[in-house]
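This report concerns only the one structure given below.
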Amino acid sequence: MSAETIQQTPLADLHVELGAKMVPFAGWNMPVHYTSITDEHTAVREAVGIFDISHMGQFFLSGAGAEEWLNCVLANDVKKLSIGEAQYTFILNEQGGVIDDLIIYRFKDDQIFLVVNASMIDVDFAWLNKHLTDGLTLTNESDAWAGMAVQGPDASAAYAKLFPDRVLPKRNGIDTWEEDGEKYIICRTGYTGEDGFEFFSSAQKGSAWFKKFIDAGAKPCGLGARDTLRLEVCYPLNGSELSPERTPLQAGLGFFCALDTDFIGAEVLRKQKEEGLVERLVAIKYTGKGAPPRAHYGVFSKEGEQLGELSSGAMSPSLKEGIAMTYLPVYSAKIGTLVDIDVRGRLYEAKVVKKPFYKKD
């Protein structure tokens with residue numbers, strides 16, 4: 001794909017039909033919103049929304065020894081992943097930096113489904129193939145699938161309307177079935193901090209299913225709300241909070257790294273844990289009113305020393321406050337520490353707070 005090429009998901013025409021504002025994202029033409037970010041954000045927090053996630057990548061791994069191989073190329077311990085369950089994990093480089101974060105799902109002992117970030121499909125597939133061992137088969141079926149995330153407290157009710165005879169998998173669970181020659185995958189996962197699921201169908205059937213979920217009560221939502229929802233619960237975004245230059249330990253995600261296994265980058269992480277971190281990812285929010293914080297705005301100590309820059313930032317629709325994440329030196333990362341955010345030449349005070357910003361009552 002050339003730098004100028006913008007790809008379309010199987011649902012692109014439907015988004016336009018539904019009145020979405022379309023923008024380029026990770027090489028894809030995607031809806032940023034249909035009505036407004038706040039409106040869609042609130043729908044997910046209070047009822048149910050649906051997002052197009054067809055731009056994300058779908059890989060399938062099979063063969064004897066799949067578990068052992070994955071424990072060499074992914075950071076989490078696949079041995080802990082039971083059949084029918086999901087696991088959050090990382091592809092790391094030799095320096096322990098994050099190439100991508102992903103979720104893997106175990107269909108059977110030696111059959112694994114991997115969902116990777118849209119901008120990293122080609123990179124991830126090449127990296128994994130480079131390290132693939134004999135007897136294993138890895139296929140990239142991203143073009144064959146449509147994906148949608150149905151999220152919010154009413155997500156299970158929407159599912160029950162469309163599938164009255166099926167039981168929604170438990171949290172982080174997965175179910176698959178075939179019907180009328182079509183394959184379906186349902187995963188009880190998401191990126192919003194709400195209950196919900198991710199549904200995969202054939203690319204050809206994607207628009208029809210998206211409309212069925214809307215008819216079942218789900219509000220169409222775009223990338224804008226997806227970003228504010230994940231930021232409120234401090235979920236990282238690859239390319240923002242996660243990068244090849246920083247490790248999961250610096251991002252506060254060491255829980256998802258099995259340091260007793262020998263995956264690529266493990267030795268660097270073990271050494272980093274032993275020696276201690278120099279910087280780490282923290283949550284900060286304004287102490288008063290201010291212009292919306294955005295990625296790359298400078299973060300300064302109260303004495304005027306630049307400590308870093310924001311990795312993500314927004315006005316929180318739920319909290320009505322400016323919230324952001326940033327990497328800070330450990331000496332400035334303590335909860336309660338005051339800093340200043342440079343918003344186009346004007347400083348707004350913020351403080352380091354405990355993650356996440358938003359919690360359900």
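Computation of the quantities below employed the complete heavy-atom set of this structure, encompassing side-chain atoms and omitting hydrogens, waters and symmetry-equivalent molecules.
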Is T192 reaching over with its side chain to a backbone N or O of R230, donor-acceptor style, under 3.5 angstrom? no
Option passing side chain to side chain contact (heavy atoms under 4.5 Å, CB included) with L128 (candidates L136, V73, L61): V73
Which atom names give the shortest non-hydrogen contact between I174 and E85, and what distance separates them? CG2-N, 3.9 Å
Decide if atom NZ of K302 counts as having more than 12 heavy atoms of other residues, nucleotides or ligands within a radius under 6.0 Å. yes
Tightest non-hydrogen contact, residues G345 and D342, listed as N-OD1, 2.8 Å
Okay, side chain of S311, backbone of M325: is any donor-acceptor separation there less than 3.5 Å? yes
Return the CG to OG1 distance between L114 and T139, rounded to the nearest 0.5 Å. 9.5 Å
How about Y88 and N76: does a side-chain donor come under 3.5 Å of a side-chain acceptor? no
Counting only pairs under 3.5 Å, give me each side-chain donor-acceptor contact of residues 155-164, with atom names and distances, residues two or more places apart or in other chains.
{"residue": "K161", "atom": "NZ", "partner": "A216", "partner atom": "O", "Å": "3.3"}

Would a single hydrophobic cluster contain both Y327 and L92, if residues Ile, Leu, Val, Met, Phe, Trp and Tyr are joined by side-chain heavy-atom contacts under 4.5 Å? no
Heavy-atom side-chain contact between D262 and R270 under 4.5 Å: yes
Whether the side chain of Q58 engages the backbone of M56 through a donor-acceptor N/O pair (distance < 3.5 Å, no angle test) should be reported. yes
With distance as the sole test, does R226 use its side chain to make a donor-acceptor pair with the main-chain N or O of F51 at under 3.5 Å? no
Modelled atom types, side-chain donor and acceptor of D100 and N238, under 3.5 Å: yes
Joint hydrophobic cluster, I53 plus I103, side-chain heavy atoms closer than 4.5 Å: yes
For D143, look at atom CG and say whether over 12 heavy atoms of other residues, nucleotides or ligands are found less than 6.0 Å away. no
Quick one, K183 with T176, criterion side chain to side chain contact (heavy atoms under 4.5 Å, CB included). Give me CA distance, side-chain angles, the key distance, then yes/no. CA-CA 7 Å; K183 294 181 180 180; T176 64; over 6 Å; no
May I ask you to decide if E305's main-chain N or O and S301's side chain share a donor-acceptor pair within less than 3.5 Å? yes
Is there a donor-acceptor contact under 3.5 Å linking the side chains of S62 and Q111? no
Which heavy atom of F113 sits nearest a heavy atom of C187, and at what distance? CE2-SG, 4.4 Å
I need the minimum non-hydrogen distance between E321 and K285, along with the two atoms involved. OE1-NZ, 3.4 Å
Between L310 and R294, is the side chain to side chain contact (heavy atoms under 4.5 Å, CB included) condition met? List the steps. CA-CA 7 Å; L310 301 184; R294 302 293 185 205; 5.9 Å; no
Any side-chain to backbone donor/acceptor pair from R106 onto I112? Under 3.5 Å, distance only. no
Crowding at NZ, K205 (>12 non-hydrogen neighbours, <6.0 Å): no
What distance do N129 atom CG and F59 atom CZ have between them, rounded to the nearest 0.5 Å? 8.5 Å
Any donor and acceptor pair, going by atom type alone, linking the side chain of Q306 with main-chain N or O of G308 inside 3.5 Å? yes
Side chains of F357 and C234: closer than 4.5 Å at any heavy-atom pair? yes
Within the 4.5 Å heavy-atom criterion, are D340 and Y348 side-chain neighbours or not? no
Are F256 and L269 connected in the hydrophobic side-chain network, where two residues link if heavy atoms are under 4.5 Å apart? yes
Distance, nearest 0.5 Å, that separates CG of D13 from CD of Q8: 7.5 Å
Answer with yes or no whether the side chains of S201 and E182 bring together a donor and an acceptor at under 3.5 Å. no
May I ask you to say whether R246 pairs ionically with E241, meaning some side-chain N is under 4.0 Å from a carboxylate O? no
Please check if V233 and V44 belong to a single hydrophobic cluster, counting links between Ile, Leu, Val, Met, Phe, Trp and Tyr side chain heavy atoms closer than 4.5 Å. no
Side-chain contact test, heavy atoms from C-beta onward, threshold under 4.5 Å: evaluate it for R188 versus L168 and give yes or no. yes
K351 and V353: CA distance, side-chain angles, deciding distance, side chain to side chain contact (heavy atoms under 4.5 Å, CB included) verdict: CA-CA 6 Å; K351 69 176 178 179; V353 297; 3.9 Å; yes
Does the structure place the NZ or CZ of R166 under 6.0 Å from the centre of the six-membered ring of Y184, at an angle of no more than 45° from the ring's axis? no
Where is the tightest heavy-atom contact between A118 and H55, given as atom of each residue plus distance? CB-O, 3.1 Å
Indicate, with yes or no, if F255 and L259 share a hydrophobic cluster defined by side-chain heavy-atom contacts under 4.5 Å among Ile, Leu, Val, Met, Phe, Trp and Tyr. yes
Any heavy-atom pair between the side chains of L102 and V115 that's under 4.5 Å? no
Using 0.5 Å steps for rounding, measure from the CD1 atom of I214 to the CG atom of L18. 5.0 Å
Between E279 and L328, does a side chain to side chain contact (heavy atoms under 4.5 Å, CB included) hold up when you go through it step by step? CA-CA 5 Å; E279 63 174 7; L328 291 181; over 6 Å; no
Does Q87 use its side chain to pair, donor to acceptor, with the backbone of D77 at less than 3.5 Å? yes
Beyond-backbone contact of I185 with E198, side-chain heavy atoms, under 4.5 angstrom: no
Lys NZ or Arg CZ of K212 over W209 ring: under 6.0 Å, within 45°: yes
What heavy-atom pair brings H15 and Y34 nearest, and what distance separates the two atoms? ND1-OH, 2.7 Å
Between R45 and E194, does at least one N-O distance fall below 4.0 Å, as a salt bridge requires? yes
Under the salt bridge (Lys or Arg N to Asp or Glu O under 4.0 Å) rule, what do D195 and R171 come out as? Steps first, then yes or no, please. CA-CA 8 Å; D195 188 20; R171 181 174 172 81; 5.6 Å; no
Heavy-atom count around K80 NZ within 6.0 Å, excluding the residue itself: above 12? no
Is there a side-chain contact between I341 and I284 in this structure, where contact means two heavy atoms from C-beta onward sitting under 4.5 Å apart? yes
Taking N71 for the side chain and V78 for the main chain, is one N or O donor matched with an acceptor at less than 3.5 Å? yes
So, taking the atom named NZ in K355 and the one named CD in E232, what distance separates them when rounded to the nearest 0.5 Å? 15.5 Å
Would Y105 and T189 satisfy side chain to side chain donor-acceptor pair (under 3.5 Å), going step by step from the backbone distance to the final call? CA-CA 10 Å; Y105 305 86; T189 46; 2.9 Å; yes
Donor + acceptor pair across side chains of Y297, T326 (<3.5 Å): no
Non-hydrogen side-chain atoms of P153 and V48 separated by less than 4.5 Å: no
Nearest-0.5 Å distance, OG1 of residue T9 to CZ of residue F210: 8.5 Å
Would you check if the side chain of N117 reaches a backbone N or O of S119 as a donor-acceptor pair within less than 3.5 Å? no
